[in-house]
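Read through the structure below, which is laid out as structure tokens, and then see the notes.
Since the structure is predicted, the reported quantities are computational estimates derived from the model, not experimental observations.
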Amino acid sequence: MNRLIETAKKARALGARLERHLLDLLLGQGRRRQLVRRFVRWLTTFDRQDPAGIALRVGTLAGIVFVVLFAAVFAGYEFSVTPTFCNSCHFMEPYVESWKHSSHKDVYCVECHFEPGALHELRGKWKALKQLVSYVTQTYTSKPFAEISDASCLRGGCHETRLLEGKVTWKIEGREIHFDHQPHLTQMRRGMKLRCTSCHSQMVIGSHVQVTEGTCFLCHLHETERVSPDSKLGKCGVCHGPPEKTIEAAGFKAEHKDFVKRNIECTRCHADVISGDGRTDKRRCFNCHNEPDKIEKAGNTDEMHIEHTSVHKIECESCHDPIKHEFNKHLAETQNQQCQSCHTRMHNPPRDLFLGVGGEGVKVRPDPMAIVGISCAGCHVIPLHSGTDAVWEGQTKVAGTLSCASCHENEYKRFDKHMTPVVEDMVSTVLIGVEKSRQKTLKMNGEKGRKVHRLLKRAESNARLVRTAHPIHNPFYSVDLLKKGAEDLKMVASLVGFPVPVAFSRAFDKENCTVVCHGGLEGARFVDAAGTKMRHDVHIEKGTRCLACHPGDHPPEAKVPADSCHTCHHEETRERSCLTCHKEMEGVEVAVKYSAEPFVHGDHFEEFKEGTAKEKMCGTCHEVGSRGPVAIDRESCRECHEPGEFSAGFLPEEAEEE
């Protein structure tokens, strides 16, 4: 009991101390405390016979209450415009969270959602108050609707200079898009006045007021813009130019700037990069409207755009089907199969050959153009019918040498002219061999007979695929199929014990580059090889294999590695004739780290004794091996130059080390 009494005393003492500290905090110390006490005593002590004194005290008390209430209201208002207050409603949390990670994270919500000016700010607070009431009464939706005016975006201190910046480069996912705000915000686009939020919206939770690519595609890549020859909105160059760097794919290099100079349309190669047509479905109107008079206006495009885009902020994809724009590298996934419902298997062979499939016994080998994503429409660009006939009969576009030459120039004409008849002759050879072998093995039975029939069937199938599909769609795969057919015929001949019924040309050899595709290279013309000029005919006459200089499988490397030349021309056992390849070196100045002046080969040739072949001179300074010439050192120079001459023309060794 005593312990409880002691605890109660301590609690009262602690309360008294807290009371004194609180009074000290509110009233202060010393004179200020006395003044406060006097003011309170004066306010609460009055004479009933003194009406003027009573009125003065009541007025003073009312003023104090007003000031306190005003301060409380002001503090409440200031708190109500902070993002913390906005986040107090749980359905606002996703939007506030995305705002925290956006570029506007240092800008209060009301800076954008309230237009500049006191009147607009009060109107905005009234709307916010109605939202608060709907939240308290639980009559809200999980997706509140809000509109941001252009005035909020272009206010001072924000984006007021956007219209003056001119063209800017917008980078997204590694791509560069050229964009100019001024024509989009000051001119009519597709018959409507755009707003900032026409492009900058929040279609996806987590991305706060950022550019929605789908909106750009709906405007620029709408079907009417793509098919209209006079429209500029659908042109690729409006948004992005050609790649600056060289693109390497399927063993080939492409300089897009060259194609642009020759006015080759991007869609010749990059087909099927646009999916969707951006159409509108009237049934979507019922998501927002139920008035019959408004639903009937759905067909009035101009009025719909003005009302939903210029007057109000409605996302384009709320009414339109989305349009996607992306580069698809897999041609097989983009082939349109709708024609197949009527034209059964008509285009299957060319498609299969182009994709490097459909044959038997060989590896899949797509054509290089298929690997980089070029579709059929990239080559089939020549109209078959005139304009008048096409109106009534429809139009068919075919390919020809002009289709190839527009991208590959005249070299491809020679390739097509030489390759096509050679491959057709290979096809005929295989088919004739199959027919003759079949006549001799028609009555064969048993396991051996079944194997023979399978081999002949495979050889015939591969050859017919090449003939039906046209070898130009994939020359490499065509040759593989026909070589496999030749192997099958030889296998059949070994099984039945008869000689092969046909004679195979050099086109069936393992190395048949000049026979099948590159005929004409044996002509006496110079080409660049490993930094020097060489002639094919000289090497072909000596029996040099193509793959000795051009390593790799088909297509081999067009550029000759330097090691390919060194293997033959720098062989120790062969007679050195360096100037046969390096004629230009006689007058070339070379910077040597040992010398203060440039080194000229021709000056040293003249100083050799008369009668010495120039071809032999190179080995005096350069030790030549199978891996190429080895750089000279100081000792090589000292063998010929006198000490005084050497020291005058060459740098000291300490300078060399630096």
Side-chain angles (χ1 to χ4, degrees), residues 98 143 169-180 184 189-192 194-229 231-243 247 249 254 256 264-285 287 301 304-305 308-309 313-340 351 355 369-378:
S98 63
K143 187 177 181 181
T169 300
W170 169 39
K171 292 185 178 181
I172 178 171
E173 297 181 359
R175 296 172 295 166
E176 292 187 352
I177 307 298
H178 305 307
F179 186 81
D180 191 346
H184 287 78
R189 317 303 288 178
R190 294 178 61 88
M192 57 184 167
L194 298 180
R195 306 166 60 179
C196 298
T197 50
S198 297
C199 301
H200 298 267
S201 60
Q202 182 153 332
M203 288 292 294
V204 181
I205 295 297
S207 177
H208 198 80
V209 193
Q210 293 188 2
V211 175
T212 306
E213 284 189 278
T215 304
C216 306
F217 301 153
L218 278 171
C219 189
H220 285 272
L221 303 180
H222 195 270
E223 184 178 8
T224 56
E225 302 298 336
R226 298 204 300 267
V227 301
S228 175
S231 175
K232 296 182 180 180
L233 289 180
K235 301 294 183 182
C236 304
V238 173
C239 298
H240 53 79
I247 304 298
H256 283 75
I264 297 174
E265 292 290 337
C266 304
T267 52
R268 286 280 303 277
C269 299
H270 301 286
D272 301 312
V273 295
I274 302 172
S275 60
D277 51 19
R279 294 183 180 180
T280 57
D281 191 338
K282 191 175 181 179
R283 290 173 295 183
R284 291 191 178 184
C285 302
N287 294 335
T301 303
M304 291 297 99
H305 280 159
H308 291 78
T309 305
K313 167 63 183 96
I314 306 297
E315 280 79 7
C316 301
E317 292 187 6
S318 298
C319 303
H320 291 268
D321 292 337
I323 293 179
K324 294 183 179 180
H325 177 39
E326 56 187 353
F327 178 61
N328 196 330
K329 297 182 179 180
H330 305 288
L331 179 66
E333 298 177 3
T334 62
Q335 292 294 324
N336 191 341
Q337 300 294 328
Q338 294 180 356
C339 305
Q340 302 292 335
R351 182 201 61 192
L355 299 176
M369 289 192 292
I371 296 176
V372 299
I374 299 176
S375 71
C376 306

**Request:** Go through the steps to decide whether R195 and T309 satisfy the test side chain to side chain contact (heavy atoms under 4.5 Å, CB included), and finish with yes or no.
**Result:** CA-CA 7 Å; R195 306 166 60 179; T309 305; 5.8 Å; no

Donor-acceptor check, side chain of [X] to backbone of [Y], threshold 3.5 angstrom: yes or no?
X	Y	value
K313	T197	yes
R284	H320	yes
H220	L233	yes

If I take atom [atom1] from residue [X] and atom [atom2] from residue [Y], how far apart are they, to the nearest 0.5 angstrom?
X	Y	atom1	atom2	value
H325	C239	NE2	SG	7.5 Å
D321	S275	CG	OG	11.5 Å
D277	L221	CG	CG	12.0 Å
I374	C376	CD1	SG	11.0 Å
C319	D281	SG	CG	10.5 Å
I323	C216	CD1	SG	11.5 Å

**Request:** Indicate the atoms forming the closest heavy-atom contact of A370 with L355, along with that distance.
**Result:**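 Smallest heavy-atom distance, with atoms named: CB-CD2, 4.3 Å.
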
**Request:** Over all heavy atoms of both residues, which pair between T215 and S198 is shortest? Give the atoms and the distance, please.
**Result:**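 Looking at all heavy atoms of both residues, the closest pair is CG2-O, 3.0 Å.
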
**Request:** Please lay out, stage by stage, how I371 and M369 fare under the test side chain to side chain contact (heavy atoms under 4.5 Å, CB included).
**Result:** CA-CA 5 Å; I371 296 176; M369 289 192 292; over 6 Å; no

**Request:** Test side chain to side chain contact (heavy atoms under 4.5 Å, CB included) on I177 and T169 and set out the steps.
**Result:** CA-CA 6 Å; I177 307 298; T169 300; over 6 Å; no

**Message:** Do K324 and I274 make a side-chain contact, defined as non-hydrogen atoms from C-beta onward lying under 4.5 Å apart?
**Reply:**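 No, their side chains stay 4.5 Å or more apart.
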
**Message:** Check for me whether the distance between the ring centres of H184 and F179 falls short of 6.0 Å.
**Reply:** yes

